[in-house]
There are 2 protein chains.
Amino acid sequence: MVVEKFNKMAIKDYQECKVYIRPVRDVIDMIGSKWKLPILVALGFKDHRFNELERQIQGITPRMLSRELKDLEFNKLVKRVVSCPDDNIVKYGLTEEGKSLEQVITAMRIWGTDYRKKIMKKNDFELR
Amino acid sequence: MVVEKFNKMAIKDYQECKVYIRPVRDVIDMIGSKWKLPILVALGFKDHRFNELERQIQGITPRMLSRELKDLEFNKLVKRVVSCPDDNIVKYGLTEEGKSLEQVITAMRIWGTDYRKKIMKKNDFELR
DNA sequence: CGGTATCCCTGAGGATACTG
DNA sequence: CAGTATCCTCAGGGATACCG
């Protein structure tokens with residue numbers, strides 16, 4: 001099994017480095033599309049209902065929200081709970097996997113923040 | 001300045017969480033497209049010439065390699081060095097920023113690897 | 001060797017309207 | 001309230017050929 005194998009082996013060249021790429025791609029595929037990060041961040045703050053997410057995340061359409069929530073649910077990062085079937089109340093929240101992913105996102109944010117500071121100083125960039 | 005401000009403030013709601021998203025997006029934008037990660041990993045192993053990258057990274061076209069290298073160079077993750085102008089020899093390598101980004105990519109890889117193990121056990125997924 | 005130029009195609013995502 | 005359905009646009013990326 002590749003995931004176990006590459007922990008043990010020495011990297012000889014780029015061909016072997018390729019097995020390093022797949023799990024990173026997995027992460028990017030799971031959070032990289034336009035709305036996934038806003039959804040995860042919103043749910044990281046607290047559980048939300050569909051409409052709440054729609055209002056919080058400016059510009060998202062119900063179509064995209066629905067699709068992205070399904071993706072996230074399929075990937076076990078988000079759980080969907082029908083809390084009151086009579087009133088059609090649905091709540092979305094992070095799974096344990098979703099919560100653990102927040103650590104990685106935090107690492108990305110810290111690097112990204114630091115990067116912005118450095119690059120802005122170097123190049124006289126303006127904040128968007 | 002936002003990047004300094006949000007380090008100091010408490011998060012009250014999702015609207016403030018949004019400033020958390022931008023630096024993460026920066027990272028995804030810099031490494032998320034199809035070929036950036038393979039290029040960075042190859043260059044993380046050692047400096048490469050244009051043709052070497054073209055051969056190492058299966059399926060990439062010179063057009064895409066050229067474009068992605070320019071992006072990476074623009075973002076200061078990769079440096080281009082003309083090592084021998086007479087023979088038109090060009091070498092690409094990681095900058096210090098590029099090397100520091102590898103730590104983040106490593107965090108993503110570790111999480112992604114762990115995720116695959118868990119999810120595969122749960123769902124009887126097959127490795128692609 | 002280290003790239004550009006042209007043309008093309010697919011799929012992510014937007015707009016709008018509608019439903020159980 | 002919590003979504004679907006339809007239609008449409010545009011940019012990321014592929015194929016191929018060519019250049020200094």
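Note that the coordinates shown come from a computational prediction; the quantities given were computed from them, not determined experimentally. Just so it is clear: chains get the letters A, B, ... in the order the sequence lines come, proteins before strands, and each one is counted from 1.
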J.: Report whether A:Y92 and B:I21 are members of the same hydrophobic cluster (ILVMFWY, side-chain heavy atoms less than 4.5 Å apart, transitive linking).
T.: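 Yes, same cluster.
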J.: Using whole Å, what does the distance between atom P of nucleotide D:dC1 and atom CG of A:N51 come to?
T.: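 It is 5 Å, rounded to the nearest whole Å.
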J.: C:dG2 P sits how many Å from B:I39 CD1, rounded?
T.: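 So the CD1-P distance, B:I39 to C:dG2, works out to 15 Å.
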J.: Do B:S100 and A:W111 make a side-chain contact, defined as non-hydrogen atoms from C-beta onward lying under 4.5 Å apart?
T.: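 In contact.
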J.: Whole Å only: how far is the CD atom of A:E52 from the C1' atom of D:dA2?
T.: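 About 12 Å, once rounded to whole Å.
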J.: At 10 degrees resolution, what angle do the end axes of the helix from C:dC1-D:dG20 to C:dG20-D:dC1 form when each is taken over five base pairs?
T.: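 Between the first-five-pair axis and the last-five-pair axis there is 50°.
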J.: Looking at A:E68 and A:K36, is any side-chain nitrogen of the basic one under 4.0 Å from a carboxylate oxygen of the acidic one?
T.: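 Yes.
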J.: Could you check how far CG of A:D29 sits from P of C:dA12, rounded to whole Å?
T.: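 Those two atoms, CG and P, are 11 Å apart.
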J.: Can you list everything that forms a side chain to side chain contact (heavy atoms under 4.5 Å, CB included) with A:K70? Sequence neighbours excluded, please.
T.: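 Testing A:K70 for side chain to side chain contact (heavy atoms under 4.5 Å, CB included), a comparison that skips the adjacent residues, returns A:S66.
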J.: For A:K70, which contact category applies under a 4.0 Å heavy-atom criterion: base, sugar-phosphate, or nothing?
T.: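 Sugar-phosphate only.
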J.: Hey, are the side chains of B:R67 and B:L65 touching, using non-hydrogen atoms and a 4.5 Å cut-off?
T.: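 Contact flag for B:R67/B:L65 side chains = no.
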J.: Would you indicate, yes or no, if C:dG3 has its OP1 or OP2 atom less than 4.0 angstrom from a side-chain nitrogen or oxygen of B:Y92?
T.: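 Result: yes.
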J.: Is there a side chain to side chain contact (heavy atoms under 4.5 Å, CB included) between B:V78 and B:D71 once you walk through the steps?
T.: CA-CA 9 Å; B:V78 164; B:D71 281 0; over 6 Å; no
J.: Does D:dA2 have OP1 or OP2 under 4.0 Å away from a side-chain N or O of A:S66?
T.: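 Answer no for this pair, as no side-chain N or O of A:S66 is under 4.0 Å from OP1 or OP2.
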J.: Run the numbers on A:L43 and A:L72 for side chain to side chain contact (heavy atoms under 4.5 Å, CB included), then give the verdict.
T.: CA-CA 11 Å; A:L43 296 181; A:L72 293 167; 5.7 Å; no
J.: Would you mind reading off the distance between A:E68 atom CD and C:dG14 atom C1', rounded to a whole angstrom?
T.: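 These atoms are roughly 13 Å apart.
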J.: Please work out if B:L65 contacts a base, only the sugar-phosphate, or nothing of the nucleic acid, heavy-atom cut-off 4.0 Å.
T.: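 Contact class for B:L65: none.
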J.: Hey, is the side chain of B:R49 poking within less than 4.0 Å of OP1 or OP2 on C:dC1, counting only N and O atoms?
T.: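 For B:R49, the contact criterion (side-chain N or O under 4.0 Å from OP1 or OP2 of C:dC1) is not met.
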J.: A:D47 has an atom CG; how far is it from atom P of D:dA2, in whole Å?
T.: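 Result: 13 Å.
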J.: For the pair made of CG in B:D71 and C1' in D:dG13, what is the distance, rounded to whole Å?
T.: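 Going from B:D71 (CG) to D:dG13 (C1'), I get 13 Å.
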J.: Nearest of C:dG3, D:dC1, D:dG3 to any side-chain atom of A:F50?
T.: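 Per side-chain heavy atoms of A:F50, the pick is D:dG3.
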J.: Using a strict 4.0 Å threshold on nitrogen-to-oxygen distance, state whether B:R49 and B:E52 make a salt bridge.
T.: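 Answer for the salt bridge query: no.
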J.: Once each nucleotide of nucleotides 14-20 of chain D is scored for protein heavy atoms under 4.0 Å, what B/S/- sequence comes out, 5' to 3'?
T.: BB----B
J.: Which nucleotide in the set D:dG3, C:dG13, D:dA2 lies at the smallest distance from any side-chain heavy atom of A:S33?
T.: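 It is C:dG13.
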J.: Between B:I89 (CD1) and C:dG3 (C1'), how many Å, whole number?
T.: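 Rounded to the whole Å, the gap is 14 Å.
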J.: Quick one, A:I60 with A:K34, criterion side chain to side chain contact (heavy atoms under 4.5 Å, CB included). Give me CA distance, side-chain angles, the key distance, then yes/no.
T.: CA-CA 10 Å; A:I60 197 168; A:K34 183 170 179 183; over 6 Å; no
J.: What residues, two or more places apart in sequence or in another chain, satisfy side-chain hydrogen bond (donor to acceptor under 3.5 Å, both in side chains) together with B:N75?
T.: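 Checked B:N75 against side-chain hydrogen bond (donor to acceptor under 3.5 Å, both in side chains); zero matches.
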J.: Does the side chain of A:R80 get closer than 4.0 angstrom to OP1 or OP2 of D:dG3 through an N or O atom?
T.: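 Affirmative; the distance criterion is met.
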J.: List every contact pair, protein side and nucleotides 9-11 of chain C side both N or O, where the distance is under 3.5 Å.
T.:
none

J.: Is the shortest side-chain N to carboxylate O distance from A:K118 to A:D114 below 4.0 Å?
T.: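 Here A:K118 pairs with A:D114 in a salt bridge, since their nearest N and O are under 4.0 Å apart.
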J.: Report the residue (A:K36 or B:R67) whose heavy-atom-nearest nucleotide on DNA chain C is the more 5′ of the two.
T.: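 This one resolves to B:R67.
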J.: Sequence neighbours left out, what passes ring-ring contact (aromatic ring centres under 6.0 Å, His included) with B:W35? Give chain and number order.
T.: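 Expected list: none.
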